[in-house]
Amino acid sequence: MIDIKSLNRKELETWIQQKGYEPYRGRQIWHWILKKAVPSFEQMSNLPKKLRNLLKEEAVLNPLELVKVLESKEDHTKKYLFRLRDGYYIESVLIPELEKDYFTICVSSQAGCAMGCKFCLTAKQGFKRNLRTSEIVEQVVQVKRDMSKPSKLRNIVFMGMGEPLANYDSVIKAIEILIDPYGMNFSHRRVTVSTCGIVPKIESLGKDCTVNLAVSLNATTDEVRSFLMPINKKYPLKELISACKKFPLPNRRRITFEYVLIKGINDSEEDAIRLINLLRGIKAKINLIPLNPAKGLEFSSPSWDQILRFQKILIDKNLTAIIRKSRGKDILAACGQLSGSYGRGED
Ligand code: SAH
């Protein structure tokens, strides 16, 4: 069986041609599955009956099962819980951008995660499996379909569960489908891949597509970073920063550095100064994320004063440093809290 939502346009057109149809039939199918989000091949009314039957026999639409939608009363962030065919759970979050007229979707790239970051709840679940391309694309299709104004979905961030660069091929193909004008038609400028720092894959990403890069930095010394994020033992700060310096950036684009502020661990003035030095020479913007405390985490967030002090040191050196306030706290939609409360996809 063909997992039809895992095919990029070229693959779909090739497949349809092998079956004796014109390539434009592939684009018609895409229209139905990506734009109209129809749940069955039967509904693809402009396809010949014979082709619809062939699709029914040889292809699966492979939709995710939407289990639950929670909406935050505080800020209208929405969390979508999906069940995969083999029973694992993943989540996507739809975030209304404050004081703006558009939305961002935060998608998952893996069920669970193998990276083991100490402050992250997804890490606590361990690794289940990589998502297929179709399972990544489908998150966007279903969330978009649920919106009252689907055209307001503007940004896609790979900041949900999992490490996108550890599921590289499926993520790249999902991006191809998401930005293809005949596909989901998102602007590549509006897609951001966030990584804990898998250095060789950062280099590949720079070659393979033109999306935005976000790096979860979270510490300014190898000692602290290796303690918080085991991946740092394999790819220490020097290599990570060097990969960032080489990452190709079109005009006016910058790399986002995420920095989760953790009380007593990485929130000192010395840290702020080291951060400035580390990022020297990189076109960077910094997202300061106060740690979302949660049951099972041994850390807490610094005081608001301390957070503002940290930010001010960066701003005084002309760095762009934004404090990313937690969104959807009441529905546990915040970073690293995805699906943790839902049976954790345990086998
Ligand atoms: N694996 C990727 C993407 C998923 S994590 C990555 O590491 O970037 C997305 C972001 O959530 C990362 O910047 C991570 O540092 C942050 N995060 C994880 N747990 C958090 C927590 N408890 N509080 C605040 N931010 C957290």
Side-chain angles (χ1 to χ4, degrees), residues 77 90-93 95 104-128 130-131 136 139 155-168 170-171 174 191-199 201-202 205 211-220 224-225 227-232 234-235 240 243-244 255-263 265-267 275 284-302 307 310 321-329 332-341:
T77 294
I90 57 156
E91 295 187 356
S92 319
V93 182
I95 307 155
T104 296
I105 180 173
C106 176
V107 294
S108 295
S109 56
Q110 298 179 315
C113 186
M115 295 298 120
C117 299
K118 276 219 176 65
F119 49 84
C120 174
L121 277 186
T122 306
K124 303 266 176 222
Q125 301 176 27
F127 178 66
K128 307 298 182 193
N130 280 331
L131 296 190
I136 298 171
Q139 294 172 56
N155 299 322
I156 303 174
V157 296
F158 283 81
M159 292 181 190
M161 299 168 72
E163 166 52 45
L165 297 190
N167 183 16
Y168 190 80
S170 298
V171 166
V191 177
T192 300
V193 172
S194 177
T195 178
C196 63
I198 302 181
V199 167
K201 297 294 183 192
I202 294 178
L205 186 72
V211 295
N212 297 299
L213 175 67
V215 173
S216 299
L217 194 59
N218 298 339
T220 57
V224 176
R225 194 163 194 272
F227 164 71
L228 290 174
M229 307 174 72
I231 191 73
N232 194 69
K234 199 159 178 197
Y235 304 113
L240 177 58
C244 291
I255 299 177
T256 301
F257 289 89
E258 294 148 289
Y259 195 95
V260 178
L261 281 162
I262 309 175
K263 185 178 174 181
I265 304 280
N266 64 3
D267 61 341
L275 185 55
K285 59 181 170 199
I286 302 163
N287 278 355
L288 298 171
I289 314 169
L291 178 95
N292 286 302
K295 229 168 69 190
L297 293 182
E298 58 201 287
F299 305 113
S300 55
S301 166
I307 294 167
F310 196 97
I322 295 151
I323 299 173
R324 287 297 291 194
K325 279 202 220 131
S326 177
R327 313 291 305 276
K329 258 190 180 155
L332 290 178
C335 313
Q337 302 193 334
L338 299 183
S339 116
S341 59

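In listed order, ligands and their atoms are each counted from 1.
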Considering M115, E163, M159 one by one, which has a heavy atom nearer to atom 1 (N) of ligand 1 than any of the others?
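Among M115, E163, M159, the closest heavy atom to atom 1 (N) of ligand 1 comes from E163.
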
Do S301 and L261 touch side chain to side chain, with heavy atoms closer than 4.5 Å?
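No; the side chains remain at least 4.5 Å from each other.
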
Going by heavy atoms in the side chains, are L217 and L240 under 4.5 Å from each other?
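Counting from C-beta outward, L217 and L240 do come under 4.5 Å.
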
Show which atoms of ligand 1 fall inside a sub-4.0 Å distance from at least one heavy-atom site of [X].
X: T195; result: 6 (C), 7 (O), 8 (O)
X: C196; result: 6 (C), 7 (O), 8 (O)
X: G162; result: 1 (N), 2 (C), 3 (C), 4 (C)
X: G160; result: 4 (C)
X: E258; result: 10 (C), 12 (C), 13 (O)

Only pairs under 3.5 Å count here: list side-chain donor-acceptor contacts from residues 111-119, not counting sequence neighbours, and write none if there are none.
residue	atom	partner	partner atom	Å
K118	NZ	F227	O	3.0

Based purely on interatomic distance, does V260 place a nitrogen or oxygen under 3.5 Å from a nitrogen or oxygen of ligand 1?
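Between V260 and ligand 1, no N or O pair is found under 3.5 Å apart.
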
Output, in order, the C-alpha distance, side-chain angles, deciding distance and verdict of side-chain hydrogen bond (donor to acceptor under 3.5 Å, both in side chains) for N130 and Q110.
CA-CA 5 Å; N130 280 331; Q110 298 179 315; 2.8 Å; yes

Where does N292 meet ligand 1, judged by heavy-atom distances below 4.0 Å: at the side chain, the backbone, both, or neither?
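Within the 4.0 Å criterion, N292 contacts ligand 1 through backbone and side-chain atoms alike.
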
For F310, what residues pass the ring-ring contact (aromatic ring centres under 6.0 Å, His included) criterion, not counting sequence neighbours?
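Applying ring-ring contact (aromatic ring centres under 6.0 Å, His included) to F310 gives Y259.
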
